[in-house]
Amino acid sequence: LLYRTSLHEEHHRLLEAAQSQARLIETILEFNQRDNAPKEFDDAIQATLRQVNEAHKKYKGFGGTGEFTLAQRKGDNIVFLLRHRHLDLDKPKPVPWNSNLAAPMRQALGGKSGVIIGADYRGEIVLAAHEPVAFLNAGIVAKIDMAEIRAPFIKAGLVSLLGALIASFLGAVLFWRISKPIQEYERTQQVLNESENRFRNLVEGAIQGVLIHQDFKLFFANQSIADMLGYENSDEILHLDSLLDVFPASEHANVIKNKVSRLQGDDAPDFYEIECVKKDGSAISMEIRLSVVDWNDQQAIQGTYVNVSDRKKVEVEKELAYEQLRAKDQLYQTILDNAPGPITLKDTNGQYILVNKAFADRRGLSVDDVVGKTAFELWPEDAAVQYWERDQEFLKSGNTTEVSSTTTDPEGNTVYYLGNKFPVFDSSGKITAIGGVHSDITIQKKAEELTQISEAQLRSIIDNSPSEISLKDLQCRYV
């Protein structure tokens, strides 16, 4: 009877220890991923494994053979991530997945939570609690050799047998032998309690809030969740009538539905964002990650809460800034599109990054059709080569230059332009773009040509006239 009682108690202690460690590792991973400087998810995983490894180096195990193991499945092998207490110690060897070894870890890596008696990585028969660790694709096992559990009771049985034969001589020895396994059991319990307390202290001091409840009756709350919700301490939260008191009434139906589905093993979101209600009635945005845990031999739900109100505020501000920037861009584009002459901005590779409507109309295209293209995609090759060579000369000098150009509009008419080409510099003084503002001088150009033609015709008439023709100024001088 004592042996069965001890085994039953050991069963629950190991399971609570394995689940507590798994939840703590998941909490550390969330902290590394979300509350430190922005990282890639793989970096957060590596940081978490380093922290767990460092903590584990200082932990000698419990009892004579008790230890925690953490592992991942990689291909056809079980790869252990923490040093072993036995056998290969600081350099644990992988175990083939299909072998008869590491049976508890195989259960954990298969996503199962519970307690079994089976062979560990050494082949020793152990009592082991196994628990999957979310997001690490890992499993954790808390185990102790069955030989250690049985040893005190085997010894006690032998002593009892001997005491029955020579009771008068070995009465004192019998008492000592019976008390020794109880003391060893108590020491084992003490080690497990100390381990549980260490993890409880870590959860208490975590930045994330933690709540554990059964049927919405709160059993555990850390100080972080009390601070987030505006309560003086965690006891205030534990005295709430129901967990539902921290959610607005509009969310109660969804929270209840998800809780029922989760406990029944049906699909329910494990991670989502929700509005919570603070003590003063104000709202706070939270991200919640939920999991089912064992609490006093019954299923309970643990929630890890992260305050994302500041992040949402930043997102709103960013969206507002984006809308303001887009409005400014539209305003600037409207101004550009109403300018009578072409306006362009090209990068140093000749790609148009900004143009106005007047420029796009020269090729019978829209502004969007032009942006991103080069002169070689818009103009005949000879003209494009000429524009490219001019740009290269301009990039060497970097001086604002007056330029003239001739092109053909979509109707085939010759169009004349005169404008300025100017550099755009970055903060280091390097040219990053070439700007151009041009004016259509076709009318002036044609007027000049007509004037030249008229003067030539007049001169021809005068030179070929049979009569004398002269022109004097007011001082009677021939002009």
Side-chain angles (χ1 to χ4, degrees), residues 11 14-33 39-57 59 61 65-146 195 199 262 265 267-268 270-271 289-294 302 304:
H11 171 119
L14 290 173
L15 182 59
E16 288 180 3
Q19 290 180 338
S20 295
Q21 292 232 27
R23 301 296 85 77
L24 176 66
I25 292 171
E26 292 167 358
T27 299
I28 294 173
L29 176 59
E30 287 180 355
F31 170 73
N32 287 333
Q33 182 188 0
K39 296 180 178 178
E40 294 295 331
F41 187 61
D42 288 345
D43 293 339
I45 290 176
Q46 294 305 316
T48 301
L49 291 177
R50 284 196 301 271
Q51 293 168 355
V52 173
N53 224 317
E54 287 300 317
H56 187 73
K57 289 179 181 177
Y59 182 60
T65 59
E67 66 173 329
F68 292 99
T69 60
L70 180 69
Q72 293 177 325
R73 179 177 181 178
K74 295 187 177 180
D76 293 329
N77 289 321
I78 298 173
V79 178
F80 293 91
L81 306 177
L82 304 177
R83 68 185 299 276
H84 285 158
R85 185 178 184 181
H86 313 285
L87 198 62
D88 41 15
L89 301 178
D90 291 334
K91 296 181 179 179
K93 297 177 181 178
V95 172
W97 180 261
N98 294 324
S99 74
N100 294 324
L101 302 178
M105 185 58 73
R106 193 174 294 105
Q107 295 290 318
L109 294 176
K112 298 179 180 179
S113 174
V115 179
I116 65 170
I117 296 176
D120 70 354
Y121 60 86
R122 303 166 294 162
E124 290 289 335
I125 302 302
V126 296
L127 175 65
H130 51 84
E131 182 74 11
V133 181
F135 309 109
L136 286 181
N137 293 324
I140 191 165
V141 169
K143 66 184 183 66
I144 188 169
D145 289 3
M146 286 296 298
S195 175
F199 289 112
R262 185 169 290 102
D267 288 338
D270 294 327
F271 179 77
R289 187 174 299 281
L290 300 171
S291 59
V292 178
V293 297
D294 183 80
Q302 174 179 311
T304 302

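All residue numbers in this chain count up from 1 along the given sequence.
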Rounded distance [0.5 Å steps], CD1 in Ile28 versus CZ in Arg50: 13.0 Å
Pairwise distance CD1(Ile25) to CG(Leu49) - rounded to 0.5 angstrom: 8.0 Å
Pair Arg122 + Asp145, salt bridge at N-O below 4.0 Å: yes
Phe80/Val95 under side chain to side chain contact (heavy atoms under 4.5 Å, CB included): CA gap, chis, key distance, verdict: CA-CA 8 Å; Phe80 293 91; Val95 172; 3.7 Å; yes
Ser99 side chain to Pro96 backbone, donor-acceptor under 3.5 Å: yes
Minimum-distance pair of heavy atoms, taken over all atoms of His11 and Leu127: N-CD2, 4.1 Å
Sidechain-backbone polar pair: Arg106 side chain, Trp97 backbone, donor-acceptor under 3.5 Å: yes
Leu109 vs Ile78 side-chain heavy atoms within contact, under 4.5 Å: yes
Pro132 versus Glu26, closest heavy-atom pair with distance: O-OE2, 4.1 Å
Close side-chain approach of Pro92 and Leu81, heavy atoms under 4.5 Å: no
Value rounded to 0.5 Å, distance of CD in Gln107 from CD1 in Ile116: 5.0 Å
Asp120 side chain near Leu101 side chain, heavy-atom distance below 4.5 Å: no
Ser113 vs Leu15, side chain to side chain contact (heavy atoms under 4.5 Å, CB included): CA-CA, chis, key distance, verdict: CA-CA 8 Å; Ser113 174; Leu15 182 59; 4.2 Å; yes
Minimum side-chain heavy-atom gap Leu290-Gln302 below 4.5 Å: no
CG on Leu24 to CD on Gln21, rounded to 0.5 Å: 7.0 Å
Nearest heavy-atom neighbours spanning Ala108 and Gly139: CB-CA, 3.7 Å
Stepwise side chain to side chain contact (heavy atoms under 4.5 Å, CB included) check, Val141 with Leu14: CA-CA 9 Å; Val141 169; Leu14 290 173; over 6 Å; no
Gln72 side chain vs Leu136 backbone, donor-acceptor pair below 3.5 Å: yes
Heavy-atom side-chain proximity of Arg73 to Asn137 below 4.5 angstrom: no
Check against side chain to side chain contact (heavy atoms under 4.5 Å, CB included), Val115 and His130: CA-CA 6 Å; Val115 179; His130 51 84; 5.9 Å; no
Atom of Glu30, atom of Thr304 and distance for their closest heavy-atom approach: OE1-CG2, 3.1 Å
Over 12 foreign heavy atoms within 6.0 Å of CG, Asn100: no
Given Gln19, Glu131, Met105, the one that forms side chain to side chain contact (heavy atoms under 4.5 Å, CB included) with Ile140: Glu131
Which atom of Ala18 lies closest to which atom of Phe68, heavy atoms considered: N-CE2, 4.4 Å
